[in-house]
Amino acid sequence: MPENKFQEIIFTILMAAAMVYGLVCYNISLELGGLSNGVFAMALGEWPLMAIAAILLELLFVGRLSRAVAFRLVNPAQVSPTPVMLAVSAASVWLMCPCMSLLASLLFKGGFQSGLLSIWIETTVLNFPMALLWQFFAAGPAVRLVFRLIFQRQTAAKP
């Protein structure tokens, strides 16, 4: 979808913001024993720090690596854009989820105390299915739609 570095940065910011907000809400809901309206406001406390971490991880490390992993599974020159997008999305979740779960374990789940490994593994195992579903069925489609709307004039002007 992004066609240049500027668009890649905007897409990353949008996707990280959407993914992090959804997963922060999910983790707070797990902690509280269920989803309530207050969770959406509570999530705003953790969201900025976690979103910045996700953006930096994606731009510096995960983005390139997830594309490399995905392109080992599908060849963009031989398949339609959808399998490529799904492979890149899955690889991104596969790489980002353990990284962000480690950060959340350290910052919000008492991971600096004893038991970091078990807290991190549990957090990753609980987050991974949600992250994958959130990416495929909510954040991913929504962010791609918003991205297309933001850049529709630029992409429509191309021959």
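Rounded to the nearest 0.5 angstrom, Glu58 CD and Arg64 CZ are separated by 10.0 Å. The distance from the CG atom of Asn127 to the SG atom of Cys97 is 5.0 Å, given to the nearest 0.5 Å. Here the CG-CD distance, from Leu30 to Glu122, works out to 9.0 Å after rounding to the nearest 0.5 Å. Taking OG1 of Thr12 as the start and CG of Leu56 as the end, the distance is 10.5 Å to the nearest 0.5 Å. Going from atom CE of Met1 over to atom CZ of Arg148 covers 5.0 Å, rounded to the nearest 0.5 Å. Taking CH2 of Trp134 as the reference point, atom CG of Leu23 lies at 8.5 Å (rounded to 0.5 Å).
Across all non-hydrogen atoms, the minimal contact from Ala18 to Val143 is CB-CG2, 3.7 Å. Taking every heavy atom of both residues into account, Ser89 and Arg144 meet most closely at OG-NH1, 4.2 Å. When every heavy atom of Val93 is checked against every heavy atom of Phe128, the shortest pair comes out as CG1-CE1, 3.7 Å. Nearest heavy-atom pair, Ser101 versus Trp120, reported as atom, atom and distance to 0.1 Å: C-CD1, 3.6 Å. Summarising the geometry of Ala16 relative to Ala54, their closest heavy-atom pair is CB-CB, 3.9 Å, with the distance given to 0.1 Å. Residues Ala131 and Met19 share a closest heavy-atom pair of O-CE, 3.4 Å.
With sequence neighbours excluded, the residues that form a side chain to side chain contact (heavy atoms under 4.5 Å, CB included) with Val125 are Ile121. Partners of Val39 under the side chain to side chain contact (heavy atoms under 4.5 Å, CB included) rule, at least two apart in sequence or in another chain, are Cys25, Ile28, Ser29, Leu32, Leu35, Ser36, Met42. Taking the side chain to side chain contact (heavy atoms under 4.5 Å, CB included) definition, one finds that Leu106 meets it with Leu102, Phe112, Leu116, sequence neighbours left out. For Phe147, the ring-ring contact (aromatic ring centres under 6.0 Å, His included) partners are Phe11, Phe151, not counting sequence neighbours. Checked against side chain to side chain contact (heavy atoms under 4.5 Å, CB included), Leu65 has the following partners two or more places apart in sequence or in another chain: Phe61, Leu95.
Residues Met130 and Ile119 are members of separate hydrophobic clusters, defined by side-chain heavy-atom contacts under 4.5 angstrom among Ile, Leu, Val, Met, Phe, Trp and Tyr. Under a hydrophobic clustering in which Ile, Leu, Val, Met, Phe, Trp and Tyr are joined whenever their side-chain heavy atoms come within less than 4.5 Å, directly or via other members, Phe137 and Val20 fall into the same cluster. Val74 is connected to Val88 through a chain of hydrophobic side-chain contacts under 4.5 Å among Ile, Leu, Val, Met, Phe, Trp and Tyr, so both are in one cluster. Hydrophobic cluster membership is shared by Leu49 and Met96, with clusters built from Ile, Leu, Val, Met, Phe, Trp and Tyr side chains linked at under 4.5 angstrom. Tracing side-chain contacts under 4.5 Å through hydrophobic residues (I, L, V, M, F, W, Y), one never reaches Ile150 starting from Leu145; they form parts of separate clusters.
Counting heavy atoms from C-beta outward, Leu103 and Met50 have side chains that approach closer than 4.5 Å. Within the 4.5 Å cutoff, the side chain of Asn75 has no heavy atoms near those of the Phe71 side chain. Looking only at side-chain heavy atoms (C-beta outward), Tyr21 and Phe40 come within less than 4.5 Å of each other. Contact of the Lys109 side chain with the Asn27 side chain is registered, since non-hydrogen atoms from C-beta on lie closer than 4.5 Å. Within the 4.5 Å cutoff, side-chain heavy atoms of Gln135 are placed close to those of Met15.
Residues Ile9, Ile55, Leu59 make up the rest of the hydrophobic cluster containing Ile13, defined by ILVMFWY side-chain heavy atoms closer than 4.5 Å, directly or through other members.
A distance-only check finds no donor-acceptor pair linking the side chain of Trp47 to the backbone of Val24 [under 3.5 Å].
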